[in-house]
Protein chains: 2
Amino acid sequence: MIEGDASGESRRTARRGGASVTVSQVAHAAGVSPMTVSRVVNGDPRVSQATREKVDEVIRDLGYVPNPAARSLASGRQCRIGLLYSNPSASYLSEFLVGALAEAARHDAQIILEQCEAEADAAALVGQLRRHRLDAVLLPPPLCDDPQLVEALVGVGMAVAQVATGRPAEGAHTVCMDDEGAAAAMTARLIALGHRRIGFIGGDPRQASSQLRLTGYRRALAEAGIAMEAALETAGDYSYRSGLASCEALLDLAVPPTAIFAANDDMAAAAVAVTHRRGLDVPRDVSICGFDDTAIATTIWPELTTVRQPVAEMARMATQLLAGAIAGGAEERQAASDESVAFSLIARDSDGPPQRA
Amino acid sequence: MIEGDASGESRRTARRGGASVTVSQVAHAAGVSPMTVSRVVNGDPRVSQATREKVDEVIRDLGYVPNPAARSLASGRQCRIGLLYSNPSASYLSEFLVGALAEAARHDAQIILEQCEAEADAAALVGQLRRHRLDAVLLPPPLCDDPQLVEALVGVGMAVAQVATGRPAEGAHTVCMDDEGAAAAMTARLIALGHRRIGFIGGDPRQASSQLRLTGYRRALAEAGIAMEAALETAGDYSYRSGLASCEALLDLAVPPTAIFAANDDMAAAAVAVTHRRGLDVPRDVSICGFDDTAIATTIWPELTTVRQPVAEMARMATQLLAGAIAGGAEERQAASDESVAFSLIARDSDGPPQRA
DNA sequence: CAGCGGCTCGATAGCGCTAACAATCCCGGG
DNA sequence: CCCGGGATTGTTAGCGCTATCGAGCCGCTG
């Protein structure tokens, strides 16, 4: 009897830990019904300006925050997004996760990580996903390039977003960057700096991006009227080790290139290491450019001139697409959208004009 | 009459998209009450073996999966864990996230990323966290070493887990690795290989781990009866750039060290680069060891011998601690536990016995 | 054989929120 | 002055699950 409403409140908090404010409390304080509060919170347009302001004020005063569990239970709309990954580089995954999680928080969506081997049986995988009650799936490379997997996922009615894929699938959302254009732009940059012999270190041929980047490189050369030379195109696989070997081969040429463009930063970093070991300076003797703008690009010295692939932004967009698709229901899910993000060239310290021999 | 409950089902799915199986359906099919199904699902011991088996079977047949939203609404226990990060390295964050998310999925907990500047006002931050309805906070380095922040968080009754902190706070859970012991072990390894002059590249003095690693290095030297030498201890700040400078200084000594132990992998990678650029071989001329086993350790060549800090595992444990604390309620939250994980030495190709001069 | 405690299990009543529909109000036209 | 219709707000009834309490049942003691 010491506190008037203690019994009511203690009863409520008996089960729960936090004494959280509910719609009813807000409604009572604002002199409206809980439904109206709900409408205000959800931005329903059919609420008068006056009411909206009053409710908003009470919400602020009381520090009301909607309970997401109750919300998704009542509305029947929930949002669990699986992120299937196999073995992308740590920095890629990290940036991807940051983007996806940031957007997920805005939609009260949950991101569920799902490790998955590339060779896994698609059917078994789908079963696993259902067991986790996933409504949508985020597919970063290289998984996004597996047509069987994507098809199986779309087949069971899941919203699917392929990020940075080279093989857009029917019914799946895609968020891509113009890899070819970016590679062409970087090559053109080197040409503009005065380079005529530009070596290229290719990526893993099993990933679609590799081909696109090579094509971009060739296109830029062609547009500048520079003859292609097979010896200047070496085959890597996106690993540092392969970059080492490729760069050695390039520098061993009778007439070595004055610039090397690697299809990712790891290989570019390897090229820098090889070049240094040979007593050459970067960029004075050899210009070296990378691709992706991953952590290693700014870790090593000199910092790499590279193409910035906005991974976080792409993950964010993909997540948004999925959240929208889930909220919109089956109809909108059909209208899979293809978004594209802009790349940008990040000029740092690893390239410059060729040495005047 | 072909399907008895067809009408009921269609009515139910009118609102919702997915025709998900509910407890009631399972209960009906198993001939028990919904409550009993709930008990089985939650592993309540007060259910007879026979009933449990029957229900389990039906659950499997129907593919029932509990609805997490309903569950957390009904039980009042929800689990939103904030992950405050400032600017850790991408690979660290990535591994951390993977561990945390994996464990979070097991507890139906949600991880919410919260970017946060180190200088941010603790009070303002706490408000922000409440707005996101966080129940617990995961604090990776370097944020975990901010006493004000931790205190403020614990003060408002949030469960807090400091990961890899050097400053355990009252009332916070901690998950740590024995940095000092690991540094000592690595140093001892180099000594065992025959090295007597071992250079050390220190980390950012503002982070607690730096001091611990330096202490471990010194302890191992002392235990081996090797005199310490100030010139062999250089000051870095965990960045590649600082590793470059420190390594140059070390190799410029009148009698350069035969081995270099860097307090993290980035600086060790820089040391490898400098050594190579001087025309020296690693490990033949200089052994180089790192710390953390981040991506760069296996990216560069030779791959670094380093200390593996099980970041994912630590994040996993921290998340588990938090999930437990939230589920347990206020009483258990008091009993903040301090877990410790084992480090391990990863021997790769960057170290070996000193050259017989 | 009444009575008691332990073991299972079911009925009830919400958790906080929102769809769907009902009610109300205000306005101008008939 | 009454009525239809748009704009605004309230009422009802759950969403799927679980906390709580009580009912039924057993074997046991006195």
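Chain letters run A, B, ... following the sequence lines, proteins first, then strands; residues in each count from 1.
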Per A:P66 side chain, nearest of listed nucleotides C:dC17, D:dT11, D:dT18: C:dC17
Phosphate OP1/OP2 of C:dG10 contacted by B:T36 side-chain N/O (<4.0 Å): yes
Length of the NE2-C1' vector between B:H28 and C:dG10, whole Å: 16 Å
Touch class at under 4.0 angstrom, heavy-atom based, for B:V41 against every strand present: nothing
Check against salt bridge (Lys or Arg N to Asp or Glu O under 4.0 Å), A:R60 and A:E57: CA-CA 5 Å; A:R60 236 176 305 110; A:E57 191 190 324; over 6 Å; no
Euclidean distance, atom CG of residue B:N67 to atom P of C:dG16 [Å, nearest integer]: 17 Å
Touch class at under 4.0 angstrom, heavy-atom based, for B:T51 against every strand present: sugar-phosphate
Residue A:A74, side-chain atoms from C-beta onward, closest of C:dT18, D:dA19, D:dC17: C:dT18
Touch class at under 4.0 angstrom, heavy-atom based, for B:V47 against every strand present: sugar-phosphate
Nearest-Å distance for atom pair CG/P, residues B:D108 and D:dT18: 11 Å
Validation row: B:R130, B:V156 side chains within 4.5 angstrom (heavy atoms): yes
Nearest-nucleotide pick for A:R39, side chain only, options being C:dA20, C:dT8, C:dC17: C:dA20
Distance below 4.0 Å between B:S38 side-chain N/O and D:dT18 OP1 or OP2: yes
Gap between atoms OH and C1', on B:Y64 and D:dG16 respectively (whole Å): 7 Å
Whole-Å gap separating C1' (D:dT9) and NZ (A:K54): 11 Å
Validation row: B:L149, B:L84 side chains within 4.5 angstrom (heavy atoms): yes
Residue mapping more 5' on DNA chain C - nearest nucleotide basis, A:P34 or A:R46: A:P34
Sidechain-backbone polar pair: B:E103 side chain, B:T319 backbone, donor-acceptor under 3.5 Å: no
Heavy-atom side-chain contact between A:T36 and A:R39 under 4.5 Å: yes
Position toward the 5' end of DNA chain D (nearest nucleotide), A:R52 or B:N42: A:R52
Atom-to-atom span, CE of A:M35 to P of C:dT24 - whole angstrom: 18 Å
Distance below 4.0 Å between B:R77 side-chain N/O and C:dC15 OP1 or OP2: no
Step-by-step salt bridge (Lys or Arg N to Asp or Glu O under 4.0 Å) determination, A:D108 to B:R133: CA-CA 11 Å; A:D108 268 320; B:R133 284 184 160 263; over 6 Å; no
Nucleotide D:dC15, atom C1' - distance to CD of B:Q25 in whole Å: 13 Å
Distance below 4.0 Å between A:T22 side-chain N/O and C:dG16 OP1 or OP2: no
Contact under 4.0 Å: B:S75 side-chain N or O vs C:dC15 OP1/OP2: no
Any A:S33 side-chain N or O less than 4.0 Å from OP1/OP2 of D:dT11: no
Sugar-phosphate only, base, or nothing, as touched by B:R71 at under 4.0 Å among non-hydrogen atoms: sugar-phosphate
